[in-house]
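Before any comments, here is the structure.
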Amino acid sequence: KNEPLPVLLNFADYRNYESPYAFLDTTWKRHFGDQPLTERLQNGGLFLMCDALNEMPFDNDHDYRQRVDDWRKFQKEWPGNRMVFTCRSRDYGEPLGLPQVEIEKLGEDRVQDFLGKYLPKNLADEAWGKLNNSPLLDLVSNPYYLNMLAFIVASSGKWPTNRAALFDEFAHLLLLREHNRHHKNWTGVPAMQNALATLAESMQPLGEGTRLPRTEIVKRIPKQVMTPDGEIVLDPKVMLKHALAATLLDVERGKEEEEE
């Protein structure tokens, strides 16, 4: 028997679809064209990696419960296929009725081991000395944040003291990287940072991640920002392109991305 074919489903993209099957069908056609999806499902030939249930868009609590119930029914309708759902623990309030595996935080020994493998010994020792018994230690027990911290220490030697400073310095370094790549129509790091801050503020009430339709993000990007050198006029589409290059934003795929 052939191994099931893995398919990644980003739940941040699950909006305006009639059903889980319609969402899967759209993703399937994007990657596999006209190959028969229903036949593959009937034969138990898929491994669906359903990522970030907590980022699934919804209108209200009732809508959220309904959407989760749709997926609960979907996985029962197609037995034999493998399905794995990921969700931030604190947001998993509407269980899918599936076996659960919870990823634990890294212990101090694992944090120290990671630093030793990622950084030169002198930097690793210095970083652990600052982390040990500090409030930041609990934050970087999350591997994502630990990786960010190690990247910052290795790149700039700076030491963020809290979560906000960690994100700010990480974003700054990614923008500096793009600055050094000399992108066409690059507006500069300060302009990019201010535009992204304005965009983030406008997205905050949505309660979603950094993944929205391209057209929606373009609408939310300011057309001018203030910098130490004065006001800078922005082209939202160019700014989005640069933010994507810096991996500071993500967008839902649409026809325009496929045509590119």
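No hydrogens, no waters, no symmetry mates; every other heavy atom, side chains included, goes into these values. Residue numbers start at 1 and run along the sequence shown.
- Ile221 and Ile232 are assigned to two separate hydrophobic clusters, defined by single-linkage of ILVMFWY side chains at heavy-atom distances under 4.5 Å.
- Taken to the nearest 0.5 Å, the NE2 atom of His31 stands 11.0 Å off from the OG1 atom of Thr26.
- Under the 3.5 Å distance criterion, the side-chain polar atoms of Asn54 are matched with a main-chain donor or acceptor of Arg88.
- Salt-bridge formation is detected for the pair Asp138/Lys105: a Lys NZ or Arg NE/NH1/NH2 atom is positioned less than 4.0 Å from an Asp or Glu carboxylate oxygen.
- Between Met148 and Phe167, some side-chain heavy-atom pair lies under the 4.5 Å cut-off.
- Just one of Tyr64, Phe11, Tyr17 meets the ring-ring contact (aromatic ring centres under 6.0 Å, His included) condition when paired with Trp71; it is Phe11.
- More than 12 heavy atoms of other shown residues, nucleotides or ligands fall within 6.0 angstrom of atom CZ in Arg177.
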What verdict does the side-chain contact (heavy atoms from CB on, under 4.5 Å) test give for Val233 and Lys223, after you've listed the backbone C-alpha separation in whole Å, the side-chain angles of each residue and the deciding distance to 0.1 Å?
CA-CA 6 Å; Val233 176; Lys223 294 182 178 179; 5.8 Å; no

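- Using a distance-only test at 3.5 Å, with no hydrogens or angles considered, a donor-acceptor pair links the side chain of Asn81 to the main chain of Leu46.
- Listed for the Trp28 side chain is a donor-acceptor partner under 3.5 Å among the backbone atoms of Gln35.
- The only option from Asp63, Asp70, Asp69 that meets the salt bridge (charged side-chain N to carboxylate O under 4.0 Å, His left out) definition with Arg67 turns out to be Asp63.
- Transitive grouping of hydrophobic side chains (ILVMFWY, heavy atoms separated by less than 4.5 Å) brings Tyr144 and Leu174 into a common cluster.
- Asp235 places a side-chain N or O within donor-acceptor distance of the main-chain N or O of Lys237, the cut-off being under 3.5 Å.
- Judged by distance alone, the side chain of Thr198 and the main-chain N or O of Pro222 form no donor-acceptor pair under 3.5 Å.
- Remark: side-chain polar atoms of His242 are paired, donor with acceptor, to backbone N or O of Lys184 under 3.5 angstrom.
- Put simply, the side chain of Asn194 gets close to the backbone of Met226: a donor and an acceptor are under 3.5 Å apart.
- Shown here are the side chain to side chain contact (heavy atoms under 4.5 Å, CB included) partners of Ser19, two or more places apart in sequence or in another chain: Tyr21, Ala22.
- Following chains of ILVMFWY side-chain contacts shorter than 4.5 Å, one can reach Leu244 starting from Met239, so the two form part of one hydrophobic cluster.
- No more than 12 heavy atoms of other residues, nucleotides or ligands sit less than 6.0 Å from atom CG of Asn16.
- Val218 and Met192 fall within a single hydrophobic cluster, where Ile, Leu, Val, Met, Phe, Trp and Tyr side chains are chained together by heavy-atom contacts under 4.5 Å.
- Atom CG of Leu96 is separated from atom CE of Met83 by 11.0 Å, given to the nearest 0.5 angstrom.
- Atom OH in Tyr14 sits 15.5 Å away from atom CG in Asp51 (nearest 0.5 Å).
- With Ser202 contributing its side chain and Leu199 its backbone, the two residues share a donor-acceptor pair below 3.5 Å.
- Within the 4.5 Å cutoff, the side chain of Leu146 has heavy atoms near those of the Leu115 side chain.
- A donor-acceptor distance shorter than 3.5 angstrom exists from the side chain of Asn180 to the backbone of Leu176, with no hydrogens or angles considered.
- Val189 and Val225 are members of different hydrophobic clusters when ILVMFWY side chains are connected at heavy-atom separations under 4.5 Å.
- Enclosure of atom NZ in Lys130 by more than 12 non-hydrogen atoms of other residues, nucleotides or ligands within 6.0 angstrom is indicated.
- Distance check: Met56 CE to Phe85 CZ gives 10.0 Å after rounding to the nearest 0.5 Å.
- The heavy-atom pair separating Ala246 from Glu178 by the smallest distance is CB-CG, 3.6 Å.
- The existence of a salt bridge linking Glu94 and Arg72 is confirmed by a sub-4.0 Å separation between a basic side-chain nitrogen and an acidic carboxylate oxygen.
- Remark: Pro120 pairs with Asn122, Leu123 by the side chain to side chain contact (heavy atoms under 4.5 Å, CB included) rule, at least two apart or across chains.
- Other residues, nucleotides and ligands place more than 12 heavy atoms under 6.0 Å from the CD atom of Glu231.
- To the nearest 0.5 Å, atom CG of residue Leu240 and atom CG of residue Leu234 are 12.0 Å apart.
- With rounding to the nearest 0.5 angstrom, the SG atom of Cys50 is 5.0 Å from the CG atom of Leu9.
- Annotation: side chain to side chain contact (heavy atoms under 4.5 Å, CB included) contacts of Gln100 (sequence neighbours excluded): Tyr92.
- Ring-plane geometry between His183 and Trp186 is classed as tilted, the angle between the planes lying from 30 to 60 degrees on a 0 to 90 degree scale.
- With hydrogens and angles disregarded, no donor-acceptor distance shorter than 3.5 Å links the side chain of Asn43 to the backbone of Gly45.
- Salt bridge annotation for Lys73-Glu77: absent, with no cationic side-chain nitrogen under 4.0 angstrom from a carboxylate oxygen.
- No more than 12 heavy atoms of other residues, nucleotides or ligands sit less than 6.0 Å from atom CZ of Arg110.
- Contact detail for Pro95 and Val68: the closest heavy-atom pair is O-CG1, 4.4 Å.
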Check step by step if side-chain contact (heavy atoms from CB on, under 4.5 Å) holds for Phe47 and Val7.
CA-CA 6 Å; Phe47 176 17; Val7 178; over 6 Å; no

